Trainee: 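To start, I am sharing the structure in question, which I have written as structure tokens.
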There are 2 protein chains.
Amino acid sequence: MRASDRAYATLHADIINWRLVPGTTLGEVELSERLGVSRTPIREALARLTAEGLAEPQSGRGTVVSGISLDHLDELFELRSALECRAAELAALRGDRDTFLELYRKLANAGGLITEDDPSRSGYYRLAGELDSAVEAAVGNHYLNQALKNLRVHLVRVRRLGKDNPARLRDAAREHAAIALAIANGNPTVASAATTVHLDNSLRHLLSTAPDISSEPHS
Amino acid sequence: MRASDRAYATLHADIINWRLVPGTTLGEVELSERLGVSRTPIREALARLTAEGLAEPQSGRGTVVSGISLDHLDELFELRSALECRAAELAALRGDRDTFLELYRKLANAGGLITEDDPSRSGYYRLAGELDSAVEAAVGNHYLNQALKNLRVHLVRVRRLGKDNPARLRDAAREHAAIALAIANGNPTVASAATTVHLDNSLRHLLSTAPDISSEPHS
DNA sequence: ACAAGCAATTGTGTATACATAAATTGATTT
DNA sequence: AAATCAATTTATGTATACACAATTGCTTGT
């Protein structure tokens with residue numbers, strides 16, 4: 001594996017997991033010493049992070065971890081809604097009925113997955129990821145999928161802002177199940193509407209439970 | 001201006017204007033000699049182009065100019081539709097009536113701009129760009145605008161594939177005028193529908209007039 | 001003649017040295 | 001004492017040298 005890939009993966013994970021908080025300066029010299037590689041691969045990693053939106057150039061000099069303030073959450077979710085609603089529509093038109101019917105069954109029974117035994121809720125998030133992957137595969141659109149992928153980087157980061165209490169997760173699972181069912185039924189209108197409802201609920205839950213952080217806006 | 005910026009700008013323009021055709025290998029050594037800078041800024045420029053989707057890593061070794069085949073035009077326009085329809089909706093909800101009414105008037109009279117005196121159609125394209133900018137400003141969503149900006153890079157490239165005959169451009173101007181009017185009227189449904197119609201017409205025109213190139217697909 | 005292996009060349013990955021620009025600190029002057 | 005200018009320091013931008021991997025071509029053996 002290339003050194004630049006390792007540096008990128010390390011920094012990416014550090015930012016996603018909020019070990020590097022917004023506003024942290026990413027100095028090339030400091031990072032090259034901390035990660036044990038020269039500045040060249042560090043520069044490449046920082047360029048990738050900047051292109052991804054996880055970091056941004058500081059006025060004239062240096063790079064800093066980009067911030068996601070609650071003020072911009074609604075903007076993020078507007079883009080998410082545009083992409084995911086259309087993706088759900090297309091999946092309803094093109095997807096395989098049985099695939100999404102199976103996902104519907106699993107999601108409808110996902111309440112059992114959300115227990116105190118699994119504080120990271122990995123079971124639920126894995127299932128939600130399966131639905132996302134199935135939609136992507138059914139859509140079969142490179143450009144749309146790429147845009148969704150770029151977006152999800154920020155969504156993972158945002159997820160840490162809210163407290164995912166079991167009640168909300170069970171509701172979310174039901175909403176996901178509704179989306180899967182609409183796609184299985186080949187109904188794009190309902191699939192899009194169910195996605196709209198789900199995203200609105202998710203956003204309002206986030207805004208109501210997230211801590212009142214005030215990191216600088218996303219440039 | 002930094003050498004990496006100049007290298008990026010040069011390569012970007014060369015790819016957009018099809019001076020570098022899809023599949024062209026972008027060797028670091030060759031480019032550093034041709035552009036008169038060392039490999040380091042070349043690497044940074046290539047990284048930016050790759051992130052943008054104008055270039056892509058060749059299996060294991062090197063970077064090549066990415067291709068846009070007609071097979072993928074529909075995918076590109078699906079993403080475009082998702083983003084621009086939503087943008088039109090939001091602009092209708094938030095935009096300033098007078099701004100878009102003024103744009104409507106100019107677009108409705110754009111037929112006179114499309115003359116044989118202006119073979120590059122710069123007058124029309126400038127006006128279309130004004131509408132795009134007004135929509136962006138009205139939407140006021142950093143993430144959505146960024147996604148649109150990323151997309152337009154590819155659209156500019158694709159435009160060169162089709163022959164923009166005056167009849168189609170006059171139709172396009174009328175379609176744009178319809179979008180502007182719907183936004184001015186604050187009607188998101190009509191704004192979205194008019195955008196859908198316009199994009200469908202544009203895509204079908206492109207597919208019917210574009211030369212039968214067969215560059216390799218976008219990986 | 002064809003195939004396989006080895007060598008040579010070419011190109012990318014990484015490290016490091018040097019140049020340059022910006023920020024900070026200290027000193028001097030008002 | 002405060003403000004401004006200069007100098008020093010620090011960090012980024014660029015160039016280049018070195019290491020390594022891959023591909024290509026040549027040679028040799030079957």
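What you see is a predicted model; the values in this text were computed from it and never measured.
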Trainee: Verify the distance criterion only: is there a donor paired with an acceptor across the side chains of B:N145 and B:E136 at less than 3.5 Å?
Mentor: no
Trainee: Working to the nearest 0.5 angstrom, can you tell me the gap between A:H198 NE2 and A:R80 CZ?
Mentor: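 Reported to 0.5 Å precision, the distance equals 5.5 Å.
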Trainee: Tell me: CD1 of B:I42 to C1' of D:dT14, nearest whole Å?
Mentor: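 My rounded result for the distance is 12 Å.
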Trainee: Give one of base, sugar-phosphate or nothing for B:S32, where a contact means two heavy atoms less than 4.0 Å apart.
Mentor: nothing
Trainee: Do A:S192 and A:R86 have side-chain atoms, one donor and one acceptor, less than 3.5 Å apart?
Mentor: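 No pair is found: no donor N or O on one side chain lies under 3.5 Å from an acceptor on the other.
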Trainee: Find the distance A:L31:CG to D:dA11:P and express it as a whole number of Å.
Mentor: 11 Å
Trainee: Could you tell me the separation between the CZ atom of A:R43 and the P atom of D:dA11, rounded to a whole number of Å?
Mentor: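 In whole Å, D:dA11 P lies 14 Å from A:R43 CZ.
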Trainee: Excluding sequence neighbours, so at least two apart, what forms ring-ring contact (aromatic ring centres under 6.0 Å, His included) with A:Y8?
Mentor: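 Checked A:Y8 against ring-ring contact (aromatic ring centres under 6.0 Å, His included); matches are A:H12.
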Trainee: Quick check on DNA chain C: between B:G27 and A:S38, whose nearest nucleotide comes earlier from the 5' end?
Mentor: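 Of the two residues, B:G27 wins.
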Trainee: Could you check how far CZ of A:R2 sits from C1' of D:dC20, rounded to whole Å?
Mentor: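 After rounding, the gap between these two atoms is 14 Å.
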Trainee: Would you say A:E52 and A:N150 are linked by a side-chain donor-acceptor pair, where the criterion is simply a distance under 3.5 Å?
Mentor: no
Trainee: Assess, by modelled atom type and distance only, whether the side chains of B:H205 and B:N165 contain a donor and an acceptor separated by less than 3.5 Å.
Mentor: yes
Trainee: For DNA chain C, whose closest nucleotide is more 5', that of A:T40 or that of A:S59?
Mentor: A:T40
Trainee: Is there, by distance only and without an angle test, a donor paired with an acceptor across the side chain of A:R61 and the base of D:dT10 below 3.5 Å?
Mentor: yes
Trainee: First contact, last contact: which nucleotides of DNA chain C are these for chain B, 5' to 3', heavy-atom distance under 4.0 Å?
Mentor: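 First-to-last contact on DNA chain C, by the 4.0 Å heavy-atom rule, is C:dT10 to C:dT14.
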Trainee: Which whole-number value in Å describes the distance from B:Y8 OH to D:dG13 C1'?
Mentor: 19 Å
